[in-house]
Amino acid sequence: MANAEMYLTQSSDIAARTLGEDTVIMSTLDSTVFMLNSVGTAIWNAADGATPLSRIVRERVCGEFDVSDEQAMTDATEFVDELAKHGILRVSGAPVSPQEAH
Amino acid sequence: MPVELRRASHSGRVKDKMSSPMQISGASPGRDVVIEIGGFPIEVQTTDPELERILNWRYGEYMNPGKPPEFALRVHVTEPEVADPDADAEVWLEDREWKMVRGDFSASWRPAERRGEVKQTANPYSIDSVLRIVHTLKLAPEGGFLLHASSGVRNGKAYLFSGVSEAGKTTMARLAPPDVTVLTDELSYVRQVDGHYFAYGTPFAGEMGKPGKNISAPIAAVYLLKKAQENRIDRVEPAAAVQRILRNILFFAHQSDLVRQVFEAACAFTAAVPVYQLSFFPDQRVWELIG
């Protein structure tokens, strides 16, 4: 399962605002606050439930920032796990329809 | 480039730091009192003469007996029990009634009926905490909030000095020169009025142990405090400003609507008011940079 695709959707239990290149996200469940830098914001904005993480990393991270594919994927996976742990991102193994995403 | 993510823990704790002994002066027993903080008058009703004396001592400058109250809180004084006033308060909404519980008090507030009830002993800390909670609930839908910050007015403008415990809030208030009117050394009252932000004096005191002056002024800037060897001011980027202001906003209830209101309030506030980091060495020279 190491190469299983991950599909991301933004939780509805959050409040978020992108300011400049950064994004502030607050969980409405536990009031924790996160700040994403430009790379995190790129992943966050691409979390549409239909695009696999590997493609997001390839197109939105490696294509925009000076980083290797392998390092980018490792960092992105850690990032997704952390946000998922706090219920800010939802992760599934298959694409999610727009209705399910919301 | 690594994906960076920073998490901030949120402050939502009622801990009264009043440390000076009470000096209670006379007041006629059995009268209800109207306490107006932030332009928001609340009538506190009690038949307990000891509590009434406490209220007069604690909120003297904030008493406004001529102002029609927006709602009334009836305080029922109970017998002392072992309780921890440093415990976290729990606040939740149930059938349109806000419930507030901590070791040393229980309270409820029904906004639609403009009244509430408090059960506590005759002490200043419990009612003070209830008032703080009620004000946070009242302010949130209006885009205002209570901020862990000392504040002062200079040349008609208010300056807020925000930080966690030990950041230097009380130090900044103590160092204020004579031309500065201190609004609070602990908890600043921020209201949005017609798109402009104002700071109000509060009786919510920190280590100075005395209430701030009961005046208000438009907010010119917020300084996030950081102790250092030299004085320096740096502008804080917008997202970081929102994150750090959110970290220092006092609120208790975690209903999603309320959390969103607080989040939007922080975003709107930081868009309108410049936020700086104030690295400072704790002596009077720091005030040369302010105003």
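Lettering of chains follows the sequences in order, A, B, ..., and the numbering in each one begins at 1.
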| query | Mind checking which of residues 13-23 of chain A sit less than 4.5 Å from chain B, heavy atom to heavy atom? | reply |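 Counting heavy atoms that sit under 4.5 Å from chain B, the residues of residues 13-23 of chain A involved are A:Asp13, A:Ile14, A:Ala15, A:Ala16, A:Arg17, A:Leu19, A:Asp22.
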| said: Evaluate B:Lys138 against B:Glu142 for salt bridge (charged side-chain N to carboxylate O under 4.0 Å, His left out), listing each step before the verdict. | reply: CA-CA 7 Å; B:Lys138 168 74 177 169; B:Glu142 301 173 359; 3.5 Å; yes
| Are B:Gln261 and B:Asp257 close enough that a side-chain donor and a side-chain acceptor fall under 3.5 Å? | no
| said: Whether the B:Trp92 and B:Glu94 side chains hold a donor-acceptor pair (N or O, under 3.5 Å, no angle test) is what I'd like checked. | reply: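 Short answer, yes.
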| request: Only counting residues at least two apart or in another chain, list the ones meeting ring pair (Phe, Tyr, Trp, His ring centres under 6.0 Å) with B:Phe198. | output: none
| Heavy atoms from other residues, nucleotides or ligands near CZ of B:Arg110 exceed 12 (cutoff 6.0 Å) | yes
| query | Given a strict heavy-atom distance threshold of 4.5 Å, which part of A:Ser27 is in contact with chain B: side chain, backbone, both, or neither? | reply |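 A:Ser27 touches chain B through backbone heavy atoms alone.
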| field | Residues B:Lys99, B:Glu97: salt bridge by 4.0 Å N-O rule | value | yes
